[in-house]
Amino acid sequence: MRHGLELKKAVFHTICGRFDDWAQQFAFACRRGCASCCTRHVTITGVEAQIVLDHVVAGQMQQWLAARLETGLPEQRAGLTTNQLAQRCLEGGDPPAEHRDSGAPCPFLEHDRCMIYPARPFACRCFASTSSCRPGGSAVVEPAYLAAATAVSQIIEHLGQFDLWGNMLHVLYVIGCESKVIDPEPSENSLMDVRNRCTTAQPLPCFLLDESDRVRVVPLIESIFRATVAGKTVENILNGR
Ligand code: SF4
Ligand code: SF4
């Protein structure tokens, strides 16, 4: 991929728009102020971090962001990315043990409202449930929805390939400090330590799709690939053409 950041941001918004249109077929219980799904374990790409940082700068929220990131970053390092997991499956390997979410609330949540809502990453956009989640409880979604959300995450990771991938707070910390959106660097953590907790987004090797989900999910993938941004199809942009 040799496209510029602005084009990648536009592609991200187009992908999210196609996903939102496709997801209209589900009746979700999600509503404003319902936020027990908002924990500290959201993973993002560098492109998504840039969109959040643009929102922070536009709203003159730089000090607010620095203070939020000073409240404690998760110690855990990034595991396999979704595309690394797909590559492992392609090679017949076993998936790694699942990480148990601590359930600690996301620091961007204030009075049960997301302070970066218009710029939130895809992982936040796709979290949904057909019945209301209790705090610490599980969301309920159809397998096809989960499969679609995973496929779209893979496309977004491909879009952000070879840039940072990891916990939202870590990636925002690193890119925010390096781009001086957060300045001075919060004293609690060293930039190198936090960078080492991130990994790198990878190209898409294959979709993690069960045969039973294909009939509903493939039309979404095709609609994303056919969409145009700046006169090019998303498929061509993702292929670096
Ligand atoms: S996923 Fe669950 S907690 Fe999150 S908004 Fe939907 S119903 Fe509420
Ligand atoms: S960024 Fe916003 S939507 Fe995402 S987990 Fe945090 S509060 Fe929730």
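Numbers for residues simply follow the sequence, beginning at 1. Just so you know, ligand 1 is whichever comes first in the structure, and atom 1 is the first atom listed for that ligand.
- Within ligand 2, counting atoms from 1 as listed, the ones closer than 4.0 Å to a heavy atom of Val42 are 5 (S).
- Within 6.0 Å of CZ in Phe26 there are more than 12 heavy atoms belonging to other residues, nucleotides or ligands.
- For the 3.5 Å distance criterion, the side chains of Glu110 and Trp64 qualify, holding a donor opposite an acceptor.
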Where do Glu142 and Arg216 land on the salt bridge (Lys or Arg N to Asp or Glu O under 4.0 Å) test, with the steps shown first? CA-CA 11 Å; Glu142 285 187 41; Arg216 290 174 82 183; 2.8 Å; yes

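- Here the CZ-CD1 distance, from Arg125 to Ile156, works out to 8.5 Å after rounding to the nearest 0.5 Å.
- Residue contacts with ligand 2: Met168 is included, with a non-hydrogen atom under 4.0 Å away.
- Within ligand 2, counting atoms from 1 as listed, the ones closer than 4.0 Å to a heavy atom of Cys124 are 1 (S), 3 (S), 4 (Fe), 5 (S).
- The six-membered or imidazole ring of Phe19 lies near that of Tyr145, with a centre-to-centre distance under 6.0 Å.
- Counting only distances under 2.8 Å, and ignoring water, the protein N, O or S atoms around atom 4 (Fe) of ligand 1 are Cys37 SG.
- For ligand 2, the atoms lying closer than 4.0 Å to a non-hydrogen atom of Ile116 are 1 (S).
- Side-chain atoms of Gln202 never come within 3.5 Å of backbone atoms of His158 as a donor-acceptor pair (strictly under, hydrogens ignored).
- Regarding atom 6 (Fe) of ligand 2, its nearest protein heavy-atom neighbour is Cys106 SG, 2.4 Å.
- Put simply, the residue from Glu157, Gln87, Gln154 that forms a side-chain hydrogen bond (donor to acceptor under 3.5 Å, both in side chains) with Thr81 is Glu157.
- Interatomic distance, CE of Met61 versus NE2 of His55, reported as 4.5 Å (0.5 Å rounding).
- For atom 2 (Fe) of ligand 2, the closest non-hydrogen atom of the protein is Cys114 SG, 2.3 Å.
- At a 4.0 Å heavy-atom cut-off, ligand 2 does not touch Met115 at all.
- Between Thr45 atom OG1 and Phe122 atom CZ the span is 11.0 Å, to the nearest 0.5 Å.
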